[in-house]
Amino acid sequence: MAMNRWLAAPALALVLAACGGGSGGGSAAVVVPTGVRAGSASSGSDLTLANAGSFAGVMARAVMSGADDSVPGVSGTRESPQSRTMIAALSHAHWTTLLAITSRTMVSGREQSQATSPPVALPCLSGSGSITVNDADNNQKLSAGDSASIVFNACVLEAGLPAVTGSISFTVNAIELDANEEPSALDASMTLGGFAESGFGSLSGAFRIWFKEETPTSTRQRVSYLAASLIEQAQTLTYDFDVYGVFGSAGGTFDLNGSIVIGGNTYAMSTPTLFSNAPGALPNVGALVLRDATGDQVILRARSATTFDLEFQAAGAATPTVVSPGLLWNSYKL
């Protein structure tokens with residue numbers, strides 16, 4: 001699910017708790033890494049012409065989420081709020097909202113001198129939740145080392161949405177603020193703990209995110225998954241890869257590189273051709289490759305904003321074999 005849905009109500013709680021605001025702060029310049037992470041495959045991984053089709057869903061959802069400027073498997077590619085599991089879309093806009101409010105509440109509702117604020121209750125329709133902010137250097141400014149944590153306990157934030165349980169925490173590594181003292185660039189470490197919507201899967205593990213607004217209409221960002229565990233359609237996946245791209249009013253280009261664990265086996269993942277998509281559309285250009293230990297490959301190749309092909313290429317083969325042409329992106333939304 002998109003982060004803004006789950007941060008909107010917590011943000012409101014912080015605003016209501018505020019009785020003042022701190023001036024903006026900053027830290028070292030944010031640098032978005034551009035290097036490509038090389039993935040590796042385990043000895044048990046095995047891609048064949050016969051099983052290639054079974055990887056279509058995992059690969060398609062990873063690509064669609066990249067196009068959504070969010071997290072694979074947990075993004076706005078889902079059809080309705082009730083079918084969207086977990087939060088964790090790491091769109092820079094959503095982080096900007098959270099961090100700006102965190103900054104304004106560094107000194108709010110706090111009479112004691114310690115850096116950590118008292119927990120602020122979330123306005124849950126049922127269940128409960130809270131936010132705790134830690135101004136690590138106690139300078140009443142948003143800066144490197146500051147952190148926040150959000151805890152949900154069967155919390156329903158909006159009517160019609162499933163209850164959410166679990167935790168989100170983040171620490172600012174570096175940040176840049178604009179003239180309005182809102183984040184224009186961020187480097188942050190994030191952890192999700194057993195984060196789940198009732199009736200769906202869960203997401204746990206560590207991430208690191210970067211974003212930097214390079215122009216008024218263009219943002220460079222990167223999400224690094226550090227062995228994060230996702231349960232998707234009763235299947236456990238482990239993400240250990242990066243999503244890196246540039247997104248803006250003209251659309252986006254991005255790639256995915258690293259490793260992913262599917263069915264207990266690790267596969268290398270790479271993007272030999274950058275994905276490209278128009279605003280609000282799915283990619284019509286690009287390819288994602290899944291590789292096993294012997295060099296066999298399953299390839300997802302975007303053909304249009306509505307379709308993609310799935311191919312298999314045996315190690316040493318000159319050309320791939322098309323396994324399933326013209327698959328619909330929409331068929332693989334959760």
Side-chain angles (χ1 to χ4, degrees), residues 1-8 29-37 59-78 84 86-100 170 172-178 180 182-190 207-225 228 239 241-258 269-288 300 302 304-306 308 329-330 332-333:
M1 176 172 290
M3 178 73 85
N4 58 346
R5 177 178 296 278
W6 287 108
L7 293 183
V30 174
V31 178
V32 182
T34 58
V36 175
R37 196 191 320 186
M59 297 175 71
R61 283 186 286 273
V63 173
M64 286 191 288
S65 297
D68 278 350
D69 184 15
S70 57
V71 172
V74 291
S75 74
T77 55
R78 300 164 194 270
R84 298 175 183 179
M86 296 84 71
I87 58 104
L90 300 179
S91 165
H92 83 281
H94 305 147
W95 277 94
T96 297
T97 300
L98 173 64
L99 293 172
F170 73 88
V172 175
N173 300 317
I175 190 167
E176 298 176 26
L177 304 178
D178 62 18
N180 297 317
E182 294 188 354
S184 61
L186 173 70
D187 169 4
S189 297
M190 176 179 181
F207 309 81
R208 187 163 177 173
I209 68 168
W210 296 260
F211 74 77
K212 191 177 185 73
E213 296 176 359
E214 297 186 330
T215 72
T217 60
S218 178
T219 299
R220 185 177 304 274
Q221 69 180 56
R222 186 183 187 102
V223 180
S224 288
Y225 302 94
Y239 290 165
F241 60 87
D242 303 321
V243 182
Y244 169 73
V246 179
F247 302 87
S249 59
T253 58
F254 62 96
D255 58 35
L256 302 90
N257 292 281
M269 190 163 62
S270 61
T271 304
T273 305
L274 284 177
F275 286 101
S276 178
N277 61 292
L282 292 170
N284 58 1
V285 174
L288 179 64
L300 181 154
S304 73
T306 57
F308 66 91
W329 291 113
N330 284 345
Y332 294 92
K333 291 181 178 180

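The figures that follow rest on heavy atoms only: side chains count, while hydrogens, waters and symmetry mates do not.
- Note that CG of Asp187 is 4.0 Å distant from CG of Asn173, once rounded to the nearest 0.5 Å.
- Looking only at distances, no side-chain donor or acceptor of Arg222 sits under 3.5 Å from a matching main-chain atom of Val32.
- Heavy atoms only, all atoms of each residue included: Ala60 and Tyr332 are closest at CB-CB, 3.9 Å.
- Residues meeting the ring pair (Phe, Tyr, Trp, His ring centres under 6.0 Å) test with Trp329, sequence neighbours left out: Phe308.
- Under 3.5 Å, the side chains of Asp242 and Ser224 contain a donor-acceptor pair of N or O atoms.
- Under the rule for a side-chain hydrogen bond (donor to acceptor under 3.5 Å, both in side chains), the partners of Ser304 that lie at least two apart in sequence or sit in another chain are Thr306, Thr307.
- Under the rule for a side-chain hydrogen bond (donor to acceptor under 3.5 Å, both in side chains), the partners of Arg220 that lie at least two apart in sequence or sit in another chain are Glu214, Tyr244.
- The minimum heavy-atom distance linking Met269 with Leu288 is given by the pair CG-CD1, 3.4 Å.
- Taking both residues in full, the closest heavy atoms of Ala287 and Pro272 are given as O-CD, 3.4 Å, listed atom of the first, atom of the second, then distance.
- To the nearest 0.5 Å, atom CG of residue Asn330 and atom CE of residue Met64 are 7.5 Å apart.
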Please walk me through it: do Leu256 and Phe275 pass side-chain contact (heavy atoms from CB on, under 4.5 Å)?
-> CA-CA 9 Å; Leu256 302 90; Phe275 286 101; 4.2 Å; yes
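- Atom NZ of Lys212 sits about 3.0 Å away from atom CD of Glu176, to the nearest 0.5 Å.
- Of the inter-residue distances, the one linking Phe247 atom CZ with Ser218 atom OG reads 10.0 Å to the nearest 0.5 angstrom.
- Taking every heavy atom of both residues into account, Thr219 and Glu213 meet most closely at OG1-CG, 3.7 Å.
- Using a 4.5 Å heavy-atom threshold, the side chains of Leu282 and Asn277 count as separate.
- Atom CD1 of Ile209 sits about 9.0 Å away from atom OG of Ser189, to the nearest 0.5 Å.
- Rounded to the nearest 0.5 angstrom, Tyr225 OH and Met190 CE are separated by 10.0 Å.
- Between Ala305 and Ala281, the shortest heavy-atom distance links the atoms CB-CB, 4.3 Å.
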